[in-house]
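On a predicted model such as this, the values are computed, not experimentally measured, just so you know. Chain letters run A, B, ... following the sequence lines, proteins first and then strands; every chain starts at 1.
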Amino acid sequence: MEQILTLAANNLLSPIILSFALGVAAALARSDLSVPEAAAKALSIYLLFAIGFKGGVSVSAHGIDAKLGLTLLAGVILSAALPMVAFGLLNVMTKLSRLDAAAVAAHYGSISIVTFVAATSVLESSGIAAEGYMVAVAAAMEAPAILSALWLISRGGDGRRMDSDLWREILLNGSIVLLVGAFFIGWATGEEGLAEISSFVVAPFKGVLCLFLLDMGLVAGRGLRGRSGALSPGVLAFGLLMPVVGSMFGLGAGLLLGLSTGGVALMMVLSASASYIAVPAAMRVALPEANPSIYLTLSLGVTFPFNLTLGIPLYVAFATALTGA
Amino acid sequence: MEQILTLAANNLLSPIILSFALGVAAALARSDLSVPEAAAKALSIYLLFAIGFKGGVSVSAHGIDAKLGLTLLAGVILSAALPMVAFGLLNVMTKLSRLDAAAVAAHYGSISIVTFVAATSVLESSGIAAEGYMVAVAAAMEAPAILSALWLISRGGDGRRMDSDLWREILLNGSIVLLVGAFFIGWATGEEGLAEISSFVVAPFKGVLCLFLLDMGLVAGRGLRGRSGALSPGVLAFGLLMPVVGSMFGLGAGLLLGLSTGGVALMMVLSASASYIAVPAAMRVALPEANPSIYLTLSLGVTFPFNLTLGIPLYVAFATALTGA
Amino acid sequence: MEQILTLAANNLLSPIILSFALGVAAALARSDLSVPEAAAKALSIYLLFAIGFKGGVSVSAHGIDAKLGLTLLAGVILSAALPMVAFGLLNVMTKLSRLDAAAVAAHYGSISIVTFVAATSVLESSGIAAEGYMVAVAAAMEAPAILSALWLISRGGDGRRMDSDLWREILLNGSIVLLVGAFFIGWATGEEGLAEISSFVVAPFKGVLCLFLLDMGLVAGRGLRGRSGALSPGVLAFGLLMPVVGSMFGLGAGLLLGLSTGGVALMMVLSASASYIAVPAAMRVALPEANPSIYLTLSLGVTFPFNLTLGIPLYVAFATALTGA
Amino acid sequence: MQTHQAKRVEITIEAIMQSRLSEALIKAGVTGFTVLPVLGGSGRSGAWVRAGEIGRASGMVQVICIVRAENVDKLIEAAFSVVERHIGVVSIVDCEVLRAERF
Amino acid sequence: MQTHQAKRVEITIEAIMQSRLSEALIKAGVTGFTVLPVLGGSGRSGAWVRAGEIGRASGMVQVICIVRAENVDKLIEAAFSVVERHIGVVSIVDCEVLRAERF
Amino acid sequence: MQTHQAKRVEITIEAIMQSRLSEALIKAGVTGFTVLPVLGGSGRSGAWVRAGEIGRASGMVQVICIVRAENVDKLIEAAFSVVERHIGVVSIVDCEVLRAERF
Ligand SMILES: Nc1ncnc2c1ncn2[C@@H]1O[C@H](COP(=O)(O)O)[C@@H](O)[C@H]1O
Ligand SMILES: Nc1ncnc2c1ncn2[C@@H]1O[C@H](COP(=O)(O)O)[C@@H](O)[C@H]1O
Ligand SMILES: Nc1ncnc2c1ncn2[C@@H]1O[C@H](COP(=O)(O)O)[C@@H](O)[C@H]1O
Ligand code: NA
Ligand code: NA
Ligand code: NA
């Protein structure tokens, strides 16, 4: 318990979290501070490239693990199953329509790569190692949740939501391609490749993450300001409960697979986090009648800050305790 | 004197100033070289974040100074008072209308954060320390000058210029919020936080400043090319005289407060510099009839280059001589 | 031969080339991965500034070489002459109209600065030194080819293509001005200037190049996907043959001038590479009836990837063999 | 200079639907269109600005399509089939064009 | 497909005034509008391009507002009260719209 | 509020030709114009998107010019002399403007 608190306090006082808080505060105070869209996208390209690349280098260094395949599979299953859990909870806790509930559920099966990145940076600071291929697991967990949600809807008699364009857009969305591509580049070039570009992908990483989270804070804060009315107390409670529930599924999977402490923690983080890029875009195409204010505010305005500030230290503490590290 | 010349020569031959000169030259030659707007904004976000953060870290390292409060107050007073001085000088030296003179005056009470950043980098190269909280003073000096200018106008019988939106826009403008926010983040996380992100906020700082000043040079050069006709000789002379006059007020304040050599130099730089972001925007809203060609060309095309090239070494030399360092 | 293969294999497995390949693959698979235009432009500004600056520092360190003037002259002559060679080859190998052939020819006389940058990074990794002023030669080779192409057209009775605006646009285009400007800044500030900003212009250079080539790959891939139909087999063959032919002229010039191994290699690279920024823009103004699909796809979709992957190792190997290093 | 009657159709639609709209327009025989970026807007589904978009997924674009009057119905039906379930606005203006052979 | 008569009002105004204009429009009962970025322009107060703006403070935007004909006067008065002392241009075009219930 | 008849000319043209078009317009006595960015488009010379432009040299812009009806012919001739050999579209719409003294 004490360890959790220390970790949480350390986490809350890191420049990364404080930058996020600054963004939220600036947005709530209606400051005109803003990061240009192109710059925010460039920062995210940098983060995806760096995190994928470093994951690949780590795999090339430690050799390929027998558990890789199983872990990927577990990720896919979690991503597909968590929307069912979320949908059930939403039916109990809220009065959302079937459509809105399915759309929200899709977000919680999928993942937030920024939460993942923030968690790796916390692990690193704490000196806890993790399997390099967890970035590949992250990529594998992006899409299955969307299919689950559409299946939930089609069971309600409302079909024909997917076209082949949407398939391609989901499976080959920019983040997945960049993350996986950089992972393979890191794997192929290994330590030697890392040596060449480490003063780009390693040294400034945390600083870039600060600026990126500043922008995320601005975006989340604006969403909260403009749309918080869209959330009933039940929906809000779901946004805080679901990540914890999800993380428990991730914990179970991680322990079953026998992952390292860091691996278990990241599996929890992936299960706990909710998408706010890939899934919203897919929902706008496939379920345009679902209300974006609900799923965006919930995912980015509630669950993301929760995971970033309290969730990550909690998951890391659990993983540490239960893997006996 | 010799020291001033050496300092000035060193300053003029630094990559930072030469990058600015390259930008001016390219713009005057009508090259199509340009830095995308989003990139320039991203660079300025980086600079504000880094300078604020480092200021905060320095305060956390040296402890809070009893003079902090007084220095902030002095900054506010200078910002509010210098427009009166400028307005007086303009009435004597130029034939500008009351409205245009007040608009110009507002710029000279407020500050240019890039001039401040360039000055800190000169101080650093010369090994001269300064109070970390000078960035907070910079933030405090942005806005008061605007009120003074509007007061000057309202004395002419022309009132009702401020609405509550404008108040918020001025006090919570992006630069101030980011600068002050990063200052507090640096203060809260201290040396430990700096260690985490110093390869982002410290190592590449001067290089980023080069590219930023390249863009500033392009912008200033384009302004000079397109609008220099707007400036009469009297107005031009004001643009060169006023920073020196302003710096003397800053010098007095700095000596009275007993600041360090670097602190006095920065106080001079702040008083000498003229705004070209916050104040012009406020003027467009509050005094739309004032001619932007005059105040923009003067502030960015005349005073900014003067301070950057000759002013800073001059102020540093004065501060060094008079603080007996 | 073995050395060529090793060099080629090393080159193909560098993060830089793999990033390019990732971009091409993502574009061909119709992923929505994209680098914002402003970010891509910012990256290219960084690369031009860094490469120019480092070239200048190197000149300041090694003193000015008697061959500088002659090498510049050789560059201008090559740039003016190679379009004739290309035009002849195109008439033999393809059925392009006179207009399209001249437009294509212009591209092959001019240069691709990214190919040049990639080559300098290969040389660096292999520990092969080159004359610092080769960046100035690169700048000098951008424009003459355009005049040659217009002369080729005007011989066909079709004149009056140049206006003074176009002259200025070509000679003072952003890349040339930035490259040459940064070269002079590096020259003026020397090793001391480099020390100040080397953690910006040296350390992250290769990493930035990765992201830039990712974007180039995306752009080239999209071009190939959308427009490859525009290329007949003859035109395609030209796109692979011409760089090799060009490189032989560069080799001859480099050997005649007595350049270092690296200098000869870079002269080959410049002669082999084809423009895809400055010349296309000039062609849209001067020869709007020429088909951009042909010259863009050829230059960026065929010749650029060829040079990047196979060409550079080949040219370096040749240069190494023939300068006896 | 001789001009010709035509119709200028302006469709404001979510960016994510733009490729689908383009395809539908091309299928409906449209010979060309132009896409403009949109900074922000306001409507029944609330106000938004591109810079402040949550998730940055839901920006909009404006597609402008100039057609001969006789083709406007086909175009609008094609557009409507895409826009129907989505937020967005379609407006039509009479215009004149140069170089009618292009439309 | 059935269309309905409406007016398309286009207001080119300094970016810094846009939030004030939006507020005025909404107060005047407008149900929606779209904001386009502007790259540059030229007018009595001189020429400017966004990329070359001194201080980057003074860019412009174009606000497009489609309203029923009976509401256009109210809209224009609201717009004019904001634009009045500022540089900018207001133009009005007759148009047709789909889904009239939206306006 | 009093409005005045005018013409709104919209010229979609390659970005690289814009400065030449602006000069031609100013020579033709135009008092102002506004330039909008274009994200992408499709026409006889194929489809393109700005983000996917090879070489990024060949983007387009849209120039909007409001003039009195009596000046429209001069304007169009000036525009056409620039656009002629280039790809691009010119359309003209009747509009009303406030503050007629500005045009
Ligand atoms: N009356 C209108 N005039 C211009 N644009 C509109 C109007 N109504 C809606 N829009 C645009 O269409 C988008 C979606 O509108 P809505 O479907 O009403 O939420 C808005 O964000 C605006 O960009
Ligand atoms: N005749 C016009 N047609 C289109 N846009 C115009 C016109 N006149 C002015 N503008 C736009 O309005 C802005 C301000 O105009 P002005 O108030 O005349 O300086 C210009 O920068 C243009 O963007
Ligand atoms: N019918 C049209 N409606 C609107 N814009 C068009 C149309 N035709 C062409 N354009 C625009 O003009 C550009 C060049 O057209 P084109 O000369 O036909 O290739 C296209 O990329 C579009 O941006
Ligand atoms: Na999840
Ligand atoms: Na000042
Ligand atoms: Na060449």
Side-chain angles (χ1 to χ4, degrees), chain A residues 9-47 50 118 121-122 124-126 197-215 217-218 221-222 225, chain B residues 35-50 52-54 56-57 60 164-205 207-208 277-278 281-282:
Chain A
N10 273 347
N11 186 42
L12 289 177
L13 275 182
S14 75
I16 292 169
I17 304 300
L18 291 177
S19 297
F20 178 78
L22 173 57
V24 173
L28 291 180
R30 302 219 277 146
S31 164
D32 70 348
L33 179 58
S34 78
V35 177
E37 201 188 344
K41 222 184 147 199
L43 293 179
S44 85
I45 288 173
Y46 168 84
L47 292 175
S121 133
V122 168
E124 226 176 78
S125 303
S126 318
I197 63 173
S198 78
S199 42
F200 180 68
V201 295
V202 178
F205 189 81
K206 274 192 192 165
V208 175
L209 189 55
C210 283
L211 286 197
F212 189 75
L213 283 175
L214 173 70
D215 178 57
L218 287 167
R222 280 193 222 108
R225 202 183 72 219
Chain B
V35 177
E37 200 190 343
K41 223 189 144 196
L43 293 179
S44 83
I45 288 174
Y46 168 85
L47 293 175
L48 288 166
F49 181 80
F53 186 85
K54 289 186 282 187
V57 171
S60 98
S164 68
D165 279 354
L166 184 55
W167 267 111
R168 203 198 50 249
E169 282 167 20
I170 294 171
L171 293 177
L172 293 180
N173 90 58
S175 323
I176 294 188
V177 169
L178 184 52
L179 195 64
V180 173
F183 177 78
F184 281 115
I185 294 178
W187 194 348
T189 63
E191 296 285 350
E192 214 171 308
L194 183 64
E196 283 195 74
I197 63 173
S198 77
S199 41
F200 180 69
V201 296
V202 177
F205 189 81
V208 175
I277 298 181

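- At least one side-chain heavy atom of A:Leu22 sits under 4.5 Å from a side-chain heavy atom of B:Leu178.
- A:Ser125 is listed as a side-chain neighbour of B:Glu196, based on a closest heavy-atom distance under 4.5 Å.
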Check against side-chain contact (heavy atoms from CB on, under 4.5 Å), B:Glu169 and A:Ser31:
CA-CA 7 Å; B:Glu169 282 167 20; A:Ser31 164; over 6 Å; no

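- Both the backbone and the side chain of B:Val177 come within contact range of chain A, each with at least one heavy atom under 4.5 Å from a heavy atom of that chain.
- Between A:Pro15 and B:Ile197, the closest heavy-atom pair is CB-CD1, 4.3 Å.
- Shown here for A:Ala29 and B:Leu172, the closest heavy-atom pair between the two residues is O-CD1, 3.0 Å.
- Minimum interatomic distance between B:Ala38 and A:Ala38 (heavy atoms only, all atoms of both residues): CB-CB, 3.9 Å.
- Looking at heavy atoms from C-beta onward, B:Phe49 lies in side-chain contact with A:Ser19 at the 4.5 angstrom threshold.
- B:Phe184 does not touch chain A: none of its heavy atoms, backbone or side chain, sits under 4.5 Å away.
- Between the CG atom of B:Asn173 and the CG atom of A:Leu33 there is a distance of 9.0 Å, given to the nearest 0.5 Å.
- Counting heavy atoms from C-beta outward, B:Phe200 and A:Leu211 have side chains that approach closer than 4.5 Å.
- Side chains of B:Ser199 and A:Lys206: a donor-acceptor N/O pair is absent below 3.5 angstrom, by distance only.
- Looking only at heavy-atom pairs under 4.5 Å with chain A, the residue among B:Gly181, B:Pro204, B:Ala50, B:Ala182 that has the most is B:Gly181.
- The backbone N or O of A:Arg30 sits less than 3.5 Å from a side-chain atom of B:Arg168, completing a donor-acceptor pair.
- Rounding to the nearest 0.5 Å places CG of A:Leu18 at 14.0 Å from CH2 of B:Trp187.
- In this structure, the side chain of B:Lys41 does not engage the main chain of A:Ala39 through any donor-acceptor pair within 3.5 Å.
- Note: A:Ile16 CD1 to B:Thr189 OG1 = 10.5 Å, rounded to the nearest 0.5 Å.
- For A:Leu43, no part lies near chain B; criterion is any non-hydrogen pair under 4.5 Å.
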